[in-house]
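One structure below.
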Amino acid sequence: MNLLLFSLFREKKRSRVVELTEKMVVDGGNGRTCEWEGRWNHIKKFLERSGPFTHPDFEPSTESLQFMLETCKILVIGAGGLGCELLKDLALSGFRNIHVVDMDTIDVSNLNRQFLFRPKDVGRPKADVAADFINNRIPGCCVVPHFKKIQDLDETFYRQFHIIVSGLDSVVARRWMNGMLLSLLVYEDGVLNPSSIIPLIDGGTEGFKGNARVILPGMTACIDCTLELYPPQINFPMCTIASMPRLPEHCIEYVRILLWPKETPFGGVALDGDDPEHIQWVYQRSLERATEFGITGVTYRLTQGVVKRIIPAVASTNAVIAAACATEVFKIASSAYIPLNNYMVFNDVDGLYTYTFEAERKEKCSACSQVPLDLHFSPCSKLQEVLDHLTECASLQMKSPAITATVEGRNKTLYLQSVALIEQRTRQNLSKTLKELGLTDRQELAIADVTTPQTMLFRLCFTS
Amino acid sequence: TMAATKTSKEQKYDRQLRLWGDHGQETLENAHVCLINAIATGTEILKNLVLPGKQTWLCADHNVAGTDESIILIDFFLSSDSIGKNRAQAATELLQELNSDVSGNFVEESPDKLLDDNPEFFHRFTIVIGVQLPESTCLRLGSVLWHASVPFLVCKTYGFIGYMRLVVQEHTVIESHPDNALEDLRLDQPFAEFKSHIQSYDLDSMDKKDHSHTPWIIIVAKYLEKWLSEHNCQPPKNYKEKEAFRQFIREGILKNENGIPEDEENFEEAIKNVNTALNPTKIPSAVEDLFNNEQCNNITSQTPSFWVMLRAVKEFVHNEGNGSLPLRGTIPDMIADSQKFINLQNVYRKKAIQDVAGVSKHVESLLQSVGKVCFQFPLCKNASFLRVVRCRSLAEEYSVDSVNKDEITSCMDSPDSEMVFYLMLRAVDRFYQRHSRYPGVYQVEEDISRLKLCVNSLLQEYSLNVNIKDDYIHEFCRYGAAEPHTVAAFLGGSAAQEAVKLISHQFVPFNNTFIYNAMSQTSATLHL
């Protein structure tokens with residue numbers, strides 16, 4: 001695909017710019033004026049001067065700065081390691097209308113990198129504390145917090161933003177966001193209306209590695225197009241955990257998965273990885289099991305790491321990846337340069353290494369291809385096989401798909417896991433064949449899952 | 001009772017302790033870091049050191065915050081309250097606030113004045129980081145730090161370009177934490193204890209349960225023994241022979257009463273691992289190079305511990321090691337029952353401990369011979385991954401006699417390579433020397449031709465036969481020496497991690513110039 005020329009500047013700005021007749025003086029909320037001569041000098045050089053590497057749509061003007069300061073609305077998803085950095089970077093790049101969504105509260109282990117938080121903030125919602133800090137430190141900036149899950153907000157909310165940038169820590173959440181933005185796309189006579197596109201800049205980090213990518217929903221590769229880049233989490237086989245442990249991790253998993261439900265300590269509550277007493281209990285029992293088998297290496301730190309599936313994290317990697325993402329937000333909002341096309345990988349274990357490439361759209365992507373995907377099964381296959389395919393297939397990786405179909409003119413739920421009562425009622429369908437369930441060749445199945453806000457359509461193709 | 005109560009520091013630093021361990025954390029906390037110039041790039045670097053626990057630092061800046069107001073609002077660590085205060089003081093106060101376990105100091109002096117009055121001032125630091133230093137200051141400071149053996153990290157954000165230069169004479173890395181290390185299994189040269197361990201296995205007489213839960217290492221070792229006896233002691237070497245060997249193992253899979261092979265995952269693992277398992281054990285060339293170093297062969301009472309340990313390893317290799325490094329002692333997880341796996345693991349562990357003892361004896365005798373005392377550190381386990389980084393000095397980079405012309409001209413064969421940004425940064429430094437300002441700060445058009453003169457004089461002085469496109473000259477005027485926050489932040493993260501590497505001697509630093517191009521989100525490491 002040729003280099004994408006997406007210009008937010010042209011598509012959105014022209015229709016929304018506010019005419020300003022005088023030099024802006026804005027009250028920063030505490031009585032101070034927050035505009036003074038030279039405040040945005042560093043940024044103006046990129047907005048008011050022509051140059052040889054700018055986006056073809058770029059026109060030097062004073063309007064872009066006003067657009068960025070006054071009109072451009074950015075959504076930051078996540079106020080954690082990447083989120084804190086993103087908020088700072090955006091605020092210091094001239095963006096003032098920023099919203100941030102995060103469902104978490106602050107934990108002590110966040111403080112080594114999530115620098116908008118202090119020990120006194122532990123327990124408070126991340127979004128609220130982050131917004132307060134930025135608004136106080138940077139005059140004129142107005143960050144609006146949302147202490148919510150992304151799934152609690154609807155399309156009216158998301159539609160108001162020019163650009164969305166995410167620093168999430170879960171693939172499921174990313175896919176959901178991806179699906180939401182795809183659902184906002186408007187097609188007129190089969191042609192995509194560019195002003196319905198909301199660019200998604202996505203960043204991810206793990207230890208000393210990270211990546212930043214630019215997604216233009218409907219135009220470039222989406223999250224699901226490159227699902228294989230996120231390999232499914234490997235869990236240890238049950239027989240190893242149950243009877244043949246070899247590593248300290250096996251001992252810890254034994255206690256977490258088998259022993260805890262059996263012995264129900266602390267009054268039968270669920271294991272809470274954030275409760276030091278729970279971890280201490282698991283640690284002691286894991287030590288016992290390890291000793292039984294002659295295994296060394298069980299430590300408190302390892303125990304917590306395994307139970308909570310901890311991913312090591314450090315301030316520097318988050319700073320790098322968030323900065324790269326924020327640079328892309330700036331480029332798209334201002335057209336100062338052609339945006340990243342479309343994926344950058346970073347690793348500073350040995351020296352510093354980056355690799356930039358164009359992730360390709362998948363023709364049969366489960367999220368962004370507009371045609372229902374084909375599912376090939378024999379009519380004698382059981383519904384369970386279809387379910388297994390949806391969860392295990394590397395390009396689908398669904399979590400708990402709910403399957404509905406039109407059977408004999410009526411909408412029928414074939415299987416739904418997330419509501420106990422319905423799960424019980426439909427469980428028997430899993431062992432029935434597709435033919436027995438009344439399904440016909442070429443018919444559509446509607447499948448819902450946490451990985452997408454919209455129902456996905458699949459077409460059932462019977463094989464002989 | 002909570003036998004393992006975690007201190008609040010351990011909790012706070014948990015996520016990074018899993019990367020560099022408690023010993024790495026200690027070096028980070030105790031190192032003495034000096035940052036020169038409290039502008040955005042600098043404060044971002046410090047932030048990324050303060051957050052993970054850098055306990056003390058010194059910030060040197062003679063400028064007052066507010067003389068260039070635009071600087072305040074690209075810098076997170078200056079606020080409008082900072083106007084009128086010395087920049088270093090203002091930044092230090094806001095940085096200190098990030099982490100209650102730290103406290104920084106500041107000095108209201110320019111580096112030039114410090115160099116004039118008291119160059120030894122800089123000798124006390126573990127590392128000096130200089131941001132947006134003019135060329136002359138950089139070279140002066142570089143020379144002082146080079147002779148004091150203090151690592152110097154030079155950083156610059158210039159428009160949409162980030163630049164870092166590491167200047168360190170010799171930096172040793174014991175724990176490089178390589179991403180994809182090959183296992184040290186010694187299947188091609190089994191040690192005595194391993195041989196006798198596999199003797200205790202008789203695959204043909206095992207019941208199914210034991211057979212299916214025998215570690216693949218044992219399987220490969222057993223089949224290799226048979227193969228060697230049938231092939232004149234020659235192991236499988238080419239693809240054809242390895243295929244035959246794999247088939248040989250496959251035939252060993254148990255069959256049921258109908259002659260159909262059973263499901264033996266351990267045998268599948270063995271077959272899959274044949275390729276790497278048959279890799280000959282050898283000393284990595286990087287380590288051989290270290291063995292041939294002057295410092296390794298010439299141990300005196302001044303020799304740093306790293307080289308004493310390395311020499312001891314070399315002695316081991318040439319004696320008890322029979323040409324091999326001390327055994328690493330770890331094996332990967334594999335399908336096996338607990339007992340068989342642990343027993344096998346212990347065979348490797350015991351041998352590794354033996355080898356460490358052997359190396360220690362050499363350490364002792366070396367130290368005795370020069371009358372010195374040192375302490376042990378985990379060098380043996382990492383013997384294959386030892387690295388030494390040596391950077392050229394700034395004097396060498398800038399001297400007409402020793403400039404790395406080859407590197408520059410070969411990179412510039414592609415005229416859009418990141419090397420062009422390095423040359424442009426040198427050219428704008430030249431512009432600053434001539435005009436006491438950077439190009440494009442006020443006007444773009446007029447400065448383009450002036451900058452072009454600087455470019456040409458630079459290329460001429462160093463006899464560099466390369467062509468720099470006009471577009472880049474225009475672009476570097478357009479930048480007007482701006483320091484956009486996102487580029488400063490990228491560099492802030494990168495530089496901070498390099499500083500952690502230099503302080504902790506874990507992970508490998510870059511050598512020696514890093515260029516980041518935020519326009520295309522690409523980067524390169526150049527050797528200048």
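All values reported here derive from a predicted model rather than from experimental measurement. Proteins come first, then strands; the chains are lettered A, B, ... in the order of their sequence lines, and each starts at number 1.
- In this structure, the portion of B/Ile335 lying under 4.5 Å from any heavy atom of chain A is its backbone and not its side chain.
- For the set B/Gln521, B/Gln16, B/Lys501, the entry with the most heavy-atom pairs within less than 4.5 Å of chain A is B/Gln521.
- Looking at B/Ala336, both its backbone and its side chain come within 4.5 Å of chain A, counting heavy atoms on both sides.
- In terms of non-hydrogen atom pairs under 4.5 Å with chain B, the most contact-rich of A/Ser50, A/Ala313, A/Gly51, A/Pro312 is A/Ala313.
- When the shell of 6.0 Å around CZ of B/Arg387 is examined, it contains 12 or fewer heavy atoms from other residues, nucleotides or ligands.
- A side chain to side chain contact (heavy atoms under 4.5 Å, CB included) with B/Ser494 is found for exactly one of A/Thr354, A/Thr317, A/Val320, namely A/Val320.
- Annotation: A/Asp169, atom CG; neighbour count of heavy atoms from other residues, nucleotides and ligands within 6.0 Å does not exceed 12.
- Counting only heavy atoms from C-beta outward, the side chains of B/Leu344 and A/Arg246 never approach each other to under 4.5 Å.
- For chain A, the option among B/Asp470, B/Leu19, B/Val500 with the highest count of heavy-atom pairs below 4.5 Å is B/Leu19.
- Between A/Lys88 and B/Glu44 there is a salt bridge, with a side-chain nitrogen of the basic residue lying less than 4.0 Å from a carboxylate oxygen of the acidic one.
- Of all the listed residues (B/His213, B/Gln339, B/Met164, B/Gln345), the one sharing the greatest number of non-hydrogen pairs under 4.5 Å with chain A is B/His213.
- Interface remark: of the candidates A/Gly305, A/Gly94, A/Ser316, A/Ala319, A/Ser316 forms the most heavy-atom pairs closer than 4.5 Å to chain B.
- Surrounding CZ of A/Phe357 are more than 12 heavy atoms belonging to other residues, nucleotides or ligands, all under 6.0 Å away.
- Between the side chain of B/Arg18 and the backbone N or O of A/Arg301, at least one donor-acceptor pair lies under 3.5 Å.
- Using a 4.0 Å cut-off between charged nitrogen and carboxylate oxygen, B/Glu445 and A/Arg49 do not count as a salt-bridge pair.
- Using a distance-only test at 3.5 Å, with no hydrogens or angles considered, a donor-acceptor pair links the side chain of B/Ser338 to the main chain of A/Pro245.
- At a 4.5 Å heavy-atom cutoff, the contact between B/Ile342 and chain A is made by side-chain atoms alone.
- Counting only heavy atoms from C-beta outward, the side chains of A/Lys45 and B/Tyr479 never approach each other to under 4.5 Å.
- Looking at B/Lys469, neither its backbone nor its side chain comes within 4.5 Å of chain A, counting heavy atoms on both sides.
- Side-chain contact between B/Phe490 and A/Thr327 is absent, with no heavy atoms from C-beta onward closer than 4.5 Å.
- No side-chain heavy atom of B/Asn99 sits under 4.5 Å from any side-chain heavy atom of A/Arg118.
- In A/Glu206, the CD atom is not crowded: 12 or fewer heavy atoms of neighbouring residues, nucleotides or ligands sit closer than 6.0 Å.
- When side chains are defined from C-beta on, B/Thr486 does not count as touching A/Glu328, because their heavy atoms never get closer than 4.5 Å.
- Annotation: side chain of B/Asp179 is not in contact with side chain of A/Asp350 (no heavy-atom distance under 4.5 Å).
- B/Glu498 touches chain A through its side chain: at least one heavy atom from C-beta onward sits under 4.5 Å away, while N, CA, C and O do not.
- Among B/Gln506, B/His177, B/Lys340, B/Lys47, the residue making the largest number of heavy-atom pairs under 4.5 Å with chain A is B/Lys47.
- For A/His42 (side chain) and B/Ala482 (main-chain N/O), no donor-acceptor pair under 3.5 Å exists by modelled atom type.
- Within the 4.5 Å cutoff, the side chain of A/Ile310 has heavy atoms near those of the B/Arg15 side chain.
- Side chains of A/Thr356 and B/Thr522 form a contact here, defined as non-hydrogen atoms less than 4.5 Å apart.
- Looking at residues two or more places apart in sequence or on another chain, you find a side chain to side chain contact (heavy atoms under 4.5 Å, CB included) between B/Val420 and B/Met412, B/Ile468, B/Tyr472.
- Contact tally against chain B (heavy-atom pairs below 4.5 Å) for A/Phe346, A/Phe208, A/Phe330: the top residue is A/Phe208.
- More than 12 heavy-atom neighbours from other residues, nucleotides or ligands sit within 6.0 angstrom of CD on A/Glu292.
- For an aromatic pair to be called close, the ring centres must be under 6.0 Å apart, and B/Phe160 with A/Phe46 satisfies this.
- Contact count against chain A (heavy-atom pairs under 4.5 Å) is highest for B/Leu98 among B/Leu98, B/Asn48, B/Asp337.
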